[in-house]
There are 2 protein chains.
Amino acid sequence: MLQFSLKAANVRALPSQLLVEPAPTHHSPTVLRLSPRSTLFLEGYARAPQYRVVEGCVALSQSLSDGRRQIIDMIGPGRMVGIGVGERNRCSAETLSYVTLEAIDSVDHAELERGLEEMVLRAQAHATLLGRKTAPERVASAILDLADQFLRPSRGCKRNTICFNLHPTRGDLADWLGLTVETVSRCFTRIKKAGLIDFNHPEIVTLLQPATLAEIAAGSRAIDNTNQA
Amino acid sequence: MLQFSLKAANVRALPSQLLVEPAPTHHSPTVLRLSPRSTLFLEGYARAPQYRVVEGCVALSQSLSDGRRQIIDMIGPGRMVGIGVGERNRCSAETLSYVTLEAIDSVDHAELERGLEEMVLRAQAHATLLGRKTAPERVASAILDLADQFLRPSRGCKRNTICFNLHPTRGDLADWLGLTVETVSRCFTRIKKAGLIDFNHPEIVTLLQPATLAEIAAGSRAIDNTNQA
DNA sequence: CGCTCGGTTGATATCCCTCAATGAACGTGG
DNA sequence: CCACGTTCATTGAGGGATATCAACCGAGCG
């Protein structure tokens with residue numbers, strides 16, 4: 001039947017842990033530290049608590065009954081998790097790296113509205129990506145988005161280059177971009193061969209030509225494959 | 001290059017009108033009446049005013065530089081337009097039918113937050129549709145969504161059936177669902193031949209088996225085509 | 001050391017896009 | 001009233017981007 005089978009959804013064994021106790025801190029804000037593949041909350045359950053991400057990467061996802069999974073958003077440092085999720089959560093939230101969270105007890109309206117608006121804008125841009133962009137365009141967009149959110153830690157592997165840790169696996173990226181693992185992997189190699197990015201370990205990516213990458217992401221340029229090494 | 005060309009984006013001549021003056025009303029809320037294919041606001045321009053839809057259908061859309069278009073949301077009676085659009089609009093808004101709007105001068109926080117949350121939830125569901133559903137599933141989902149939003153006017157063409165006016169054209173639906181006109185049309189005929197819906201004029205649709213349609217929309221059932229007339 | 005997991009690559013299949021033609025509905029102008 | 005153009009919808013034939021299936025490799029780990 002489908003061109004999307006269970007396989008495409010990268011079904012995982014199960015969350016490695018379901019909750020982690022707060023770590024002690026010296027004053028007010030409660031801080032949580034989670035391992036990769038921890039579940040913050042699950043689709044269909046009671047309303048989620050709200051956090052702010054201090055460090056690391058959290059994925060929001062929805063699943064169809066047959067296991068097809070769609071990652072709705074990748075959330076990095078500074079952003080809120082647990083807002084815009086509906087009364088009974090319409091999303092699950094999973095950590096994709098070691099994550100430090102700060103519990104939010106009360107949000108003021110301005111902050112909540114800013115957070116919600118950011119969710120809306122990102123979701124809209126993502127809809128355009130999912131509905132109208134080609135596979136290479138999606139991957140280029142993803143790389144730039146993640147670079148933007150996760151630049152901080154390991155800046156500048158070399159002089160003048162932007163190098164960062166790509167927290168999601170190829171499978172996570174596939175579920176985010178509406179593709180399969182294989183297609184994501186092939187796009188990475190193509191983009192690498194075109195000289196736009198570089199990586200040895202698949203998680204550590206260096207941007208060599210961010211401007212060109214942005215053009216590809218925007219759909220105004222194709223990948224140049226004449227550049228075979 | 002792309003499998004999505006300019007054609008796929010259903011590029012239109014241009015908005016038939018750009019603004020329409022308020023119609024006189026007897027008291028406070030300013031009411032606007034717009035014709036089909038009027039533009040409420042355009043992507044990239046100064047922040048949009050805010051309205052509530054009283055009657056009719058408004059489409060929010062984004063476009064790529066080469067003309068590929070993605071409709072982000074279809075907005076029906078009761079919902080707000082012009083929120084969650086960013087400072088410089090990241091969306092255009094176009095009427096798909098005769099539309100009655102009510103200008104909103106001030107929204108209280110609770111209402112704004114409810115509106116924004118609804119935008120987020122719908123955008124998330126739509127991302128799952130765009131990323132992981134097959135063409136027939138998308139069309140089934142769209143029919144149910146529109147039925148839900150636009151049931152009111154022409155209820156019950158016949159006894160016990162749900163009949164409504166499908167405001168968007170096949171082209172609009174294609175841009176909403178990340179498909180092409182032809183694919184949308186083929187899905188409609190398949191769903192009709194399977195006995196799940198009926199229509200003579202392509203805009204007036206009757207739901208014959210909403211429950212089955214919902215199963216298809218959810219991805220838990222395939223279209224039964226043994227049912228050839 | 002064997003197992004699993006994540007990533008990559010190749011060969012093949014298929015869903016949906018592209019291109020093309022047709023027909024109905026509608027408005028316009030002669 | 002009737003040609004004429006335009007828009008929208010439908011249908012068919014063919015092709016292409018991406019999914020599927022399969023094999024292999026390296027790393028981590030009990």
Side-chain angles (χ1 to χ4, degrees), chain A residues 1-14 16 36-37 67-69 96-97 130-139 166-175 177-193 199-205 219 222-223 225, chain B residues 1-14 16 35-37 68 96-97 130-139 166-175 177-193 197 199-205 219 222-223 225:
Chain A
M1 159 204 187
L2 310 174
Q3 216 170 351
F4 303 106
S5 69
L6 284 184
K7 190 91 175 299
N10 298 303
V11 181
R12 231 166 246 302
L14 253 196
S16 55
R37 305 294 159 191
R68 280 174 277 173
R69 185 171 80 131
L96 300 187
S97 66
L130 291 170
R132 290 301 184 206
K133 289 190 183 176
T134 65
E137 288 167 3
R138 296 182 200 200
V139 171
L166 198 69
H167 296 297
T169 65
R170 299 292 187 259
D172 296 323
L173 290 171
D175 283 346
L177 303 176
L179 301 168
T180 58
V181 192
E182 295 92 331
T183 301
V184 171
S185 179
R186 279 186 252 267
C187 288
F188 265 91
T189 17
R190 281 186 64 191
I191 295 175
K192 182 181 180 181
K193 280 188 180 156
F199 59 93
N200 294 310
H201 192 68
E203 294 253 331
I204 314 291
V205 174
I223 296 185
N225 271 339
Chain B
M1 159 199 186
L2 311 175
Q3 216 171 349
F4 303 106
S5 70
L6 284 184
K7 189 89 173 304
N10 299 302
V11 181
R12 233 165 244 302
L14 252 195
S16 56
S35 324
R37 305 292 159 193
R68 281 174 277 173
L96 300 187
S97 65
L130 291 170
R132 289 302 183 205
K133 288 189 184 177
T134 64
E137 288 166 2
R138 296 182 201 199
V139 171
L166 199 67
H167 297 296
T169 65
R170 300 290 188 261
D172 295 324
L173 290 171
D175 284 346
L177 303 177
L179 301 168
T180 59
V181 192
E182 296 93 331
T183 302
V184 171
S185 180
R186 279 186 252 267
C187 288
F188 265 92
T189 18
R190 280 185 64 191
I191 294 176
K192 181 182 180 179
K193 281 188 181 155
I197 63 171
F199 59 93
N200 295 310
H201 194 68
E203 293 253 333
I204 314 290
V205 174
I223 296 185
N225 271 339

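Convention: sequence-line order gives letters A, B, ...; per-chain numbering from 1.
- In this structure, CG of A:L166 is placed 13 Å from C1' of C:dG6, rounded to the nearest angstrom.
- As rounded to whole Å, 16 Å separates atom P of D:dC8 from atom NE2 of B:H167.
- Of all non-hydrogen atoms in A:P168 and A:L96, the two that sit nearest each other are CB-CD1, 3.8 Å.
- Considering every non-hydrogen atom in both A:R68 and B:E137, the closest pair reads NH1-OE1, 2.8 Å.
- Remark: B:T183 pairs with B:A135, B:L179, B:T180, B:C187 by the side-chain contact (heavy atoms from CB on, under 4.5 Å) rule, at least two apart or across chains.
- To the nearest angstrom, C1' of C:dC16 lies 14 Å from CD of B:E137.
- Between the CZ atom of B:R138 and the P atom of C:dC15 there is a distance of 14 Å, given to the nearest Å.
- Contact record, B:V205 with B:F188: CG2-CE2, 4.5 Å, taken as the closest heavy-atom pair.
- If you take CG of B:N200 and P of D:dT10, they are 11 Å apart, rounded to a whole angstrom.
- Across all their heavy atoms, A:R170 and A:F199 have their closest contact at NH2-CE1, 3.7 Å.
- Side-chain atoms of B:D172 come within 3.5 Å of backbone atoms of B:T169 as a donor-acceptor pair (strictly under, hydrogens ignored).
- Rounded to an integer number of Å, the gap from B:I223 CD1 to C:dC15 P is 13 Å.
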Atom pairs, protein N/O to nucleotides 8-11 of chain C N/O, distance under 3.5 Å:
unit_1 : atom_1 : unit_2 : atom_2 : d
C:dT8  : OP1    : A:R170 : NH2    : 3.4
C:dT8  : OP2    : A:R170 : NE     : 2.7
C:dT8  : OP2    : A:S185 : OG     : 3.0
C:dT8  : O5'    : A:S185 : OG     : 3.2
C:dT9  : OP2    : A:T189 : OG1    : 3.3
C:dG10 : N7     : A:R186 : NH1    : 2.9
C:dG10 : O6     : A:R186 : NH2    : 3.3

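- As rounded to whole Å, 10 Å separates atom C1' of C:dG7 from atom NE2 of A:H201.
- You'll find that the side chain of B:A135 is closest to C:dC16, out of D:dA9, D:dT18, C:dC16.
- The distance from atom CG of A:L130 to atom P of D:dT18 is 13 Å, rounded to the nearest whole Å.
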